[in-house]
2 protein chains.
Amino acid sequence: MPTLKKPLQAAPGRKMKRTPQRLAIFDYLDGNKKHPSAEEIYRSVSRTYQSMSFATVYNTLKALTGKGMLRELTIDPDRKRYDPDTSPHHHFICLQCRKIVDVHSILTVETPREIARDHLVVGTHVEFTGLCPSCKKRKKMQ
Amino acid sequence: MPTLKKPLQAAPGRKMKRTPQRLAIFDYLDGNKKHPSAEEIYRSVSRTYQSMSFATVYNTLKALTGKGMLRELTIDPDRKRYDPDTSPHHHFICLQCRKIVDVHSILTVETPREIARDHLVVGTHVEFTGLCPSCKKRKKMQ
DNA sequence: ATAATACTTTACAATAATTCCAACTTATGC
DNA sequence: GCATAAGTTGGAATTATTGTAAAGTATTAT
């Protein structure tokens, strides 16, 4: 059974039952920079936690997302990816291998007037697409 | 049978068979600013084109995307959305009703060194999220 | 500590989006 | 016109995700 590194409720109104399954998922996610999909999370966690069910993974991901402790990325056209780093940052995705990497540089993107005037903007996310170093190299070789 | 507004092959290497189904889909898409999903496209086109099949819609969308005549948006967590405007621009999506609007303002986003150094960047897309005018108003009223 | 309760987990069924397939049809180049 | 490569079709298959109802367990108040 995984040890608790951070409390599952980091802020008021965020209380969640502290079940071993959740702790295992949370533990896997904590500090994870790979932007895993639900399936990857399930595969990894269920290795150590035999009876883990897929529904529990989805439930937990949804709960954590709802409480703002996890960010759901829509950058991969095939599946949702999850990012435990909820601080504002951006991403690069490799068009070949779908690897996602964080972009922590502070990008100043002004919200255009046309939008700011009548919409309420709550988030700004920059997606860079292209080839990651290894796919770039592989392409060059052929 | 729909009329052809633009040639289906706009550039070399883009030749596609000019079938009535494709023309119908292309006609629906041409100038469309609603960022429709495959299902919306199917629903609309099959109204006038009885025998239209879902597979044809997906085939056509994939072909057009592959030839750079259509852009596949991954901004909606639930489904792919399609944008016939392939000129570089950005988007705003309403978190409530999932409406997507174009952002044609030119946003200057410098590619961060950390990425530019070893990756190959082919695209930069800014996603704004929040509430569209009507959802914003609706929220205020309650 | 314990019991009551409300929330969780589980296995599996159900959806929903998208892709695959194999037989049939058709646009296009000669 | 004909041959043929490419496209269409309906339905089955696949994949991601959600719903469900029964059984289990963390938490809270005792």
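Below, chain A is the first sequence line, B the second, and so on; all start at residue 1. Please read all numbers here as calculations on a predicted model, not as lab measurements.
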A:E40 CD to D:dT17 P, in whole Å, measures 11 Å
Here the distance between atom P of C:dA17 and atom CD of B:E72, to the nearest Å, is 15 Å
For B:R43 and C:dA17, what is the distance between atoms CZ and P respectively, to the nearest whole Å? 10 Å
Same hydrophobic cluster for B:V109 and B:L73, using side-chain heavy-atom links shorter than 4.5 Å among ILVMFWY? no
Close N/O contacts between protein and nucleotides 20-23 of chain D (under 3.5 Å):
none

Roughly, in whole Å, what's the span from CG in A:L23 to C1' in C:dC7? 15 Å
Pair up each side-chain donor or acceptor in residues 91-103 of chain B with any protein partner under 3.5 Å, not counting sequence neighbours, and list the distances.
residue: B:H91; atom: ND1; partner: B:H125; partner atom: NE2; Å: 2.8
residue: B:H91; atom: NE2; partner: B:D83; partner atom: OD2; Å: 3.0
residue: B:H91; atom: NE2; partner: B:H89; partner atom: NE2; Å: 3.2
residue: B:H91; atom: NE2; partner: B:D102; partner atom: OD1; Å: 3.2
residue: B:R98; atom: NH1; partner: B:D78; partner atom: OD2; Å: 3.0
residue: B:D102; atom: OD1; partner: B:H35; partner atom: NE2; Å: 2.8
residue: B:D102; atom: OD1; partner: B:H89; partner atom: NE2; Å: 3.1

For residues 114-122 of chain B, which side-chain N or O atoms pair as donor and acceptor with protein atoms under 3.5 Å away, sequence neighbours left out?
residue: B:E114; atom: OE2; partner: A:S105; partner atom: N; Å: 3.1
residue: B:E114; atom: OE2; partner: A:S105; partner atom: OG; Å: 2.3
residue: B:H119; atom: ND1; partner: B:I115; partner atom: O; Å: 3.2

Atom-to-atom span, CD1 of B:I41 to C1' of C:dA17 - whole angstrom: 13 Å
Heavy-atom closest pair (A:S53 atom, A:Y42 atom, distance to 0.1 Å) is C-CE1, 3.9 Å
Regarding A:S37, tell me which of base, sugar-phosphate or nothing describes its non-hydrogen contacts under 4.0 Å with the strands shown. nothing
Using the rule that Ile, Leu, Val, Met, Phe, Trp and Tyr join whenever any side-chain heavy atoms are under 4.5 Å apart, tell me whether A:V45 and A:L29 fall into a single cluster. yes
List every contact pair, protein side and nucleotides 14-16 of chain D side both N or O, where the distance is under 3.5 Å.
residue: D:dA16; atom: OP1; partner: A:R79; partner atom: NE; Å: 3.3
residue: D:dA16; atom: OP1; partner: A:R79; partner atom: NH2; Å: 2.4

Taken to the nearest 0.5 Å, the spacing of A:Y58 OH from A:I41 CD1 works out to 9.0 Å
Return the value, rounded to whole Å, for the distance between atom CZ of A:F54 and atom C1' of C:dT10. 14 Å
Set out, in order, the CA-CA distance, both residues' side-chain angles and the distance that settles side-chain contact (heavy atoms from CB on, under 4.5 Å) for A:H104 and A:D85, then state yes or no. CA-CA 11 Å; A:H104 275 291; A:D85 181 351; 3.0 Å; yes
How many whole angstroms separate atom CG of A:L61 from atom C1' of C:dT8? 15 Å
For each nucleotide in nucleotides 25-30 of chain C, reading 5' to 3', give B when a protein heavy atom comes within less than 4.0 Å of its base, S when such contact involves only the sugar-phosphate, and - otherwise. -BBS--
Evaluate A:N32 against A:Y82 for side-chain contact (heavy atoms from CB on, under 4.5 Å), listing each step before the verdict. CA-CA 10 Å; A:N32 189 310; A:Y82 296 88; over 6 Å; no
Separation of B:Y42 atom OH from D:dT8 atom C1', in whole Å? 13 Å
Among the nucleotides D:dT9, C:dT8, D:dT18, whichever has the atom closest to the side chain of A:R22 is C:dT8
When you compare the side chain of B:Y28 with that of B:P36, does any pair of heavy atoms fall below 4.5 Å? yes
Within less than 4.0 Å of OP1 or OP2 of C:dT10, is there a side-chain N or O belonging to A:T56? yes
Sorted by first residue and then second, give each salt bridge (charged side-chain N to carboxylate O under 4.0 Å, His left out) pair with at least one member in residues 41-51 of chain A; sequence neighbours left out. A:E39-A:R43
Consider only side-chain heavy atoms of I, L, V, M, F, W and Y, link residues closer than 4.5 Å, and tell whether B:V126 and A:I75 are in one cluster. no
Which sits closer to the 5' end of DNA chain D, A:K62 or B:T60, going by the nucleotide each is nearest to? B:T60
Which atom of A:T86 lies closest to which atom of A:R71, heavy atoms considered: CG2-N, 4.2 Å
